[in-house]
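Structure first, then comments.
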Amino acid sequence: MRLLLLLAAALLVALYARSSARRPEPNLTFRSEQQRFPRVRTAYTLHHAPVQALLHRHGVVAERLELFLRAFKVGRRLEVWGRNHDEGQFVLLRTFRLAGTSGMLGPKRQAGDGQVPEGFYTIDRFNPASKYHLSLGLDYPNAADAYRSGSLNPGQDIFIHGSDVTIGCLPITDAGIRELYVLAVEARAAGQAAIPVHIFPFELTADNLARRLNSPHLAFWQQLAAGYQHFEDHHQLPTVAVDAAGRYAVR
């Protein structure tokens, strides 16, 4: 009997450790620090209850929220996907229309080219006092961008932000960024340290790529296509790395 009790206790400890390993530590201080800023407080006043209702409809608990963002230049949209942290498939929560665009299809290569980047990024900073109301900064340039830029300055400060104007960023109007900002703060408060953002020129299907066989960006888009297709097939995030030649490697 004593042996059975010891085995049962060990099993409970193992299951608890596995569960704890999967779930990140909450960061409630982050939410309170953000709410010190007037625009964030206004965003919460307007959108906190609707955001909670949105999550509830999709079976997502705010305290366990994990976000993923996906943007398309063609179609001008930003998709917001969510799930309970590390549990099951992502579900589409919300789609925002891109209120403005600049540049053309293809990756950003240098400062001042007006291009919206294409590739795999994360949100690495929150700006509660942005020139464009509120904004979420991307970790552009990443290693792949730096390699492609060569000796050129690749630029920096690419944001998802309010307003309807842009030179290389992703504007979703002031109302849109307020809602998205609340979602992103809630995800960070739930312990999500990095929110992935995938930016594509268009849906990278075989048919769409076949229509652009003469594009100078085809080889680059084929690198992105593996990540696009992985998420389409599984609604799970791919593992993305950058190899020594600056190419995306998806697995």
Side-chain angles (χ1 to χ4, degrees), residues 34 39-40 43 67-81 94-174 176-185 187-188 192-202 204 217 220-221 223-224 227-228 231 237-238 240-242 246-248:
Q34 284 288 313
R39 294 177 190 173
V40 180
L67 284 184
F68 162 58
L69 309 182
R70 186 169 72 161
F72 295 93
K73 293 180 179 179
V74 174
R76 294 176 60 166
R77 72 184 191 273
L78 175 69
E79 299 173 348
V80 183
W81 296 75
R94 186 79 160 83
T95 300
F96 295 99
R97 175 173 167 76
L98 295 180
T101 60
S102 66
M104 59 192 76
L105 298 183
K108 183 175 181 62
R109 293 189 183 278
Q110 66 182 94
D113 63 6
Q115 288 290 97
V116 176
E118 295 173 4
F120 303 103
Y121 303 97
T122 59
I123 290 172
D124 67 353
R125 58 205 186 278
F126 288 63
N127 185 354
S130 170
K131 179 180 177 182
Y132 300 103
H133 197 58
L134 297 164
S135 61
L136 301 166
L138 305 187
D139 61 345
Y140 174 90
N142 62 23
D145 299 313
Y147 187 95
R148 278 195 310 277
S149 296
S151 61
L152 300 174
N153 173 8
Q156 57 185 353
D157 293 338
I158 300 298
F159 290 87
I160 302 168
H161 60 61
S163 128
D164 59 357
V165 297
T166 182
I167 304 177
C169 293
L170 299 166
I172 57 172
T173 75
D174 290 356
I177 195 61
R178 282 194 294 264
E179 182 179 349
L180 179 58
Y181 204 91
V182 169
L183 279 163
V185 170
R188 178 65 67 88
Q192 186 177 5
I195 298 173
V197 182
H198 295 179
I199 306 177
F200 299 123
F202 45 83
L204 291 169
H217 307 301
F220 172 70
W221 290 337
Q223 296 172 35
L224 302 186
Y228 167 83
F231 187 80
L237 290 171
V240 180
V242 178
R247 295 185 297 259
Y248 285 115

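Index from 1, following the sequence.
Checking side-chain atoms of Arg77 against main-chain N and O of Ala71 turns up no donor-acceptor pair under 3.5 Å. Judged purely by atom type and a 3.5 angstrom limit, Ser102 uses its side chain to pair as donor or acceptor with the backbone of Gly168.
When all heavy atoms of Pro196 and Leu237 are compared, the pair lying nearest together is CG-CD1, 3.6 Å. Heavy-atom minimum distance, Pro141 versus Gly155: CD-O, 3.4 Å. Considering every non-hydrogen atom in both Gly246 and Tyr147, the closest pair reads CA-CG, 3.6 Å. Closest approach of Tyr140 and Pro154 over heavy atoms only: OH-O, 2.6 Å. The shortest non-hydrogen separation linking Arg39 to Ala129 is NH1-C, 3.7 Å. The shortest non-hydrogen separation linking Leu224 to Pro201 is CD1-CD, 4.4 Å.
Aromatic pair Tyr248/Phe120: centroids less than 6.0 angstrom apart.
The environment of CG in Leu152 is crowded: more than 12 heavy-atom neighbours from other residues, nucleotides or ligands sit within 6.0 Å.
Distance CD/Glu118 to CZ/Phe200: 9.5 Å, rounded to 0.5 Å. The distance from atom OG1 of Thr173 to atom OH of Tyr132, rounded to the nearest 0.5 Å, is 14.5 Å. Separation of atoms CD1 (Ile123) and CG (Asp139) is listed at 9.5 Å; rounding is to 0.5 Å. To the nearest 0.5 Å, atoms CG (Leu69) and OG1 (Thr122) are separated by 10.5 Å. We find the NZ-OG distance between Lys131 and Ser163 to be 9.5 Å, quoted to the nearest 0.5 Å. One finds the NE2 atom of His133 at 11.5 Å from the CG atom of Asn127 (value rounded to the nearest 0.5 Å).
Residues Ile160 and Phe96 have side chains not in contact (no heavy-atom distance under 4.5 Å, counting atoms from C-beta outward). Pro107 has its side chain out of reach of Gln115: every pair of non-hydrogen atoms, C-beta onward, lies at least 4.5 Å apart. At a threshold of 4.5 Å between non-hydrogen side-chain atoms, the residues Pro238 and His198 count as touching. At least one side-chain heavy atom of Gln192 sits under 4.5 Å from a side-chain heavy atom of Leu67. Residues Leu170 and Ile172 form no side-chain contact, since every pair of their non-hydrogen atoms from C-beta on lies 4.5 Å or further apart. Residues Lys73 and Leu105 have side chains in contact (heavy-atom distance under 4.5 Å, counting atoms from C-beta outward). Between Val80 and Glu179 the shortest side-chain heavy-atom distance does not fall below 4.5 Å. A 4.5 Å side-chain heavy-atom check between Leu98 and Val116 finds every atom pair outside the cut-off.
In this pair, Phe72 and Tyr228 present their aromatic rings perpendicular. The plane angle is above 60°, beyond the 30 to 60° band.
Salt bridge Asp157/Arg125: present, at least one basic N to carboxylate O contact under 4.0 Å.
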Task: Verdict with supporting geometry, Leu138 and Ile199, side chain to side chain contact (heavy atoms under 4.5 Å, CB included) - done: CA-CA 11 Å; Leu138 305 187; Ile199 306 177; 3.7 Å; yes
Open item on the list: Using the rule given for side chain to side chain contact (heavy atoms under 4.5 Å, CB included), can you reason through Val182 versus Arg178, listing the C-alpha separation, both sets of side-chain angles and the distance that settles it, and then say yes or no?
Closed with: CA-CA 6 Å; Val182 169; Arg178 282 194 294 264; 5.9 Å; no
- [ ] Determine, step by step, whether Tyr121 and Asp145 satisfy the side chain to side chain contact (heavy atoms under 4.5 Å, CB included) criterion, reporting the C-alpha distance in whole Å, the side-chain angles of both residues, the deciding distance to 0.1 Å, and the verdict.
- [x] CA-CA 11 Å; Tyr121 303 97; Asp145 299 313; 3.0 Å; yes
Open item on the list: Assess the residue pair Tyr181 and Gln34 against the criterion (side chain to side chain contact (heavy atoms under 4.5 Å, CB included)); give the C-alpha distance rounded to whole Å, side-chain angles, the decisive distance to 0.1 Å, and a yes or no.
Closed with: CA-CA 10 Å; Tyr181 204 91; Gln34 284 288 313; 2.5 Å; yes
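Relative to the six-membered ring of Phe68, Arg70 misses at least one condition, a distance below 6.0 Å or an angle of at most 45° to the axis.
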